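Just below is one structure, and these are the notes that go with it.
It should be emphasised that the depicted structure is a prediction, and the values quoted were computed from it without experimental measurement.
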Amino acid sequence: MTAAATEYRQSSAMVASLMTLESSYQDPPPIVDRSTVEGLRGGAVVLMVGAFEHYLKQSTSELLDSLNRATPPVVFSKLPLDLQAQAVYTGLESAMKAKSWDPIKDRTARLPGVIAAAAAVHSGVLLSADIANTAGNPNPEQLRSIYKVLGYPGVFAKIKSAFDREWGGPTASTFIEDTLDTVVSRRHAVAHTASILNISRTDLNQWHGFLNALVTVLDDTLTRHVKRIARKAI
């Protein structure tokens, strides 16, 4: 298990605490309790998706960094081509282009970082944090994109059997994508409009269990995949 997965479990326990508190109220809640129940449900959705998004970035960075520390060292030219391209372009672009939150805007002030990034790319170092930061909102499209970069295209089809075992039964062919899209969309609605869109207690329980199962499967899958990459790139 990655450190990122351990951190996710801690956040997931916080979600579970919110859900336990929410479950102490009548369902459906009387008018006097409605705002409290909606706040707890909305907070649980925002926290569970935030934890998953953080996991995606942290696990990607952590496992890519393990390639930098591999013994014997990996050969950059033997890595998957998508990963090579992402490492080069993302590493250089991240150093050259100031983000909105980056206090260093002047090109001359950014020059040392650009030179350092160019030297790292030239020596075959994967700028793991920069690559991981390309993972934005953790919707199905984003997962497909980041796993394709890691040399694992078609991630949902490939993890389906493992997910069904973790979930405890067979699911529809698009269950993972559809459920992930639903929970991420609901998070956006809560975060940007303060609307829980009739999120039910059943929804919370399903989504929380779903994300826990998905993290378990993705963590195991990506760990084994990156180890295979390392073996092939020696």
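L92 and L111 end up in different hydrophobic clusters when Ile, Leu, Val, Met, Phe, Trp and Tyr side chains are linked at under 4.5 Å. By the rule that hydrophobic residues join a cluster once side-chain heavy atoms approach within less than 4.5 Å of another member, V121 and I115 end up as members of separate clusters. A single hydrophobic cluster is not seen to contain both M1 and L214; linkage of ILVMFWY side chains at heavy-atom distances under 4.5 Å, directly or through other members, places them apart.
Taking the charged nitrogens against the carboxylate oxygens, R41 and D27 do have a contact shorter than 4.0 Å, which makes a salt bridge.
Note: H208 NE2 to N212 CG = 4.5 Å, rounded to the nearest 0.5 Å. Note: S66 OG to K227 NZ = 9.0 Å, rounded to the nearest 0.5 Å. A distance of 10.5 Å separates CG in L211 from OG1 in T216, rounded to the nearest 0.5 Å. The CH2 atom of W207 sits 4.5 Å away from the CD1 atom of I199 when rounded to the nearest 0.5 Å. In this structure, CZ on R186 lies 11.0 Å from CG on D181, to the nearest 0.5 angstrom. A distance of 12.5 Å separates NZ of K232 from NZ of K78, quoted to the nearest 0.5 Å.
Across L143, I176, D164, a single residue satisfies side-chain contact (heavy atoms from CB on, under 4.5 Å) together with I159, and that is I176. L126 pairs in a side-chain contact (heavy atoms from CB on, under 4.5 Å) with only one of the listed residues (D65, V74, L79), which is L79.
Closest of all the heavy-atom pairs between V183 and V45 is O-CG1, 4.2 Å. The two residues N68 and G124 come nearest to each other via the heavy atoms OD1-O, 4.5 Å. Residues P29 and R34 approach most closely at CG-CA, 4.1 Å, considering heavy atoms. Shortest non-hydrogen contact noted between A117 and L127 is CB-CD1, 4.1 Å. Nearest heavy atom pair, residue V46 against residue R187, reads CA-CG, 3.7 Å. Across all non-hydrogen atoms, the minimal contact from A87 to F76 is CB-CE1, 4.0 Å.
Counting only heavy atoms from C-beta outward, the side chains of L222 and Y152 never approach each other to under 4.5 Å. Side-chain contact check for I146 versus V155: every heavy-atom pair is 4.5 Å or farther apart. Inter-residue side-chain proximity for V75 and I234 is flagged as unmet; no heavy-atom pair is nearer than 4.5 Å. No side-chain heavy atom of T60 sits under 4.5 Å from any side-chain heavy atom of S128. Between L180 and F210, the closest side-chain pair of non-hydrogen atoms falls below 4.5 Å.
Of the possible polar contacts, one joining the S59 side chain to the L56 backbone as a donor-acceptor pair under 3.5 Å is found. Between the side chain of T174 and the backbone N or O of E177 there is no donor-acceptor pair closer than 3.5 Å. A donor-acceptor distance shorter than 3.5 angstrom exists from the side chain of T221 to the backbone of V217, with no hydrogens or angles considered.
For S200 and D203, the side-chain atoms include at least one donor-acceptor pair closer than 3.5 Å.
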Q) Taking it one step at a time, do V215 and F52 satisfy side-chain contact (heavy atoms from CB on, under 4.5 Å)? A) CA-CA 8 Å; V215 166; F52 180 67; 3.6 Å; yes
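In this structure, K148 places its NZ atom where only 12 or fewer heavy-atom neighbours from other residues, nucleotides or ligands lie under 6.0 Å away.
Side-chain rings of Y147 and F156 stay apart, their centers remaining 6.0 Å or farther from each other.
Ring-plane geometry between F175 and W167 is classed as tilted, the angle between the planes lying from 30 to 60 degrees on a 0 to 90 degree scale.
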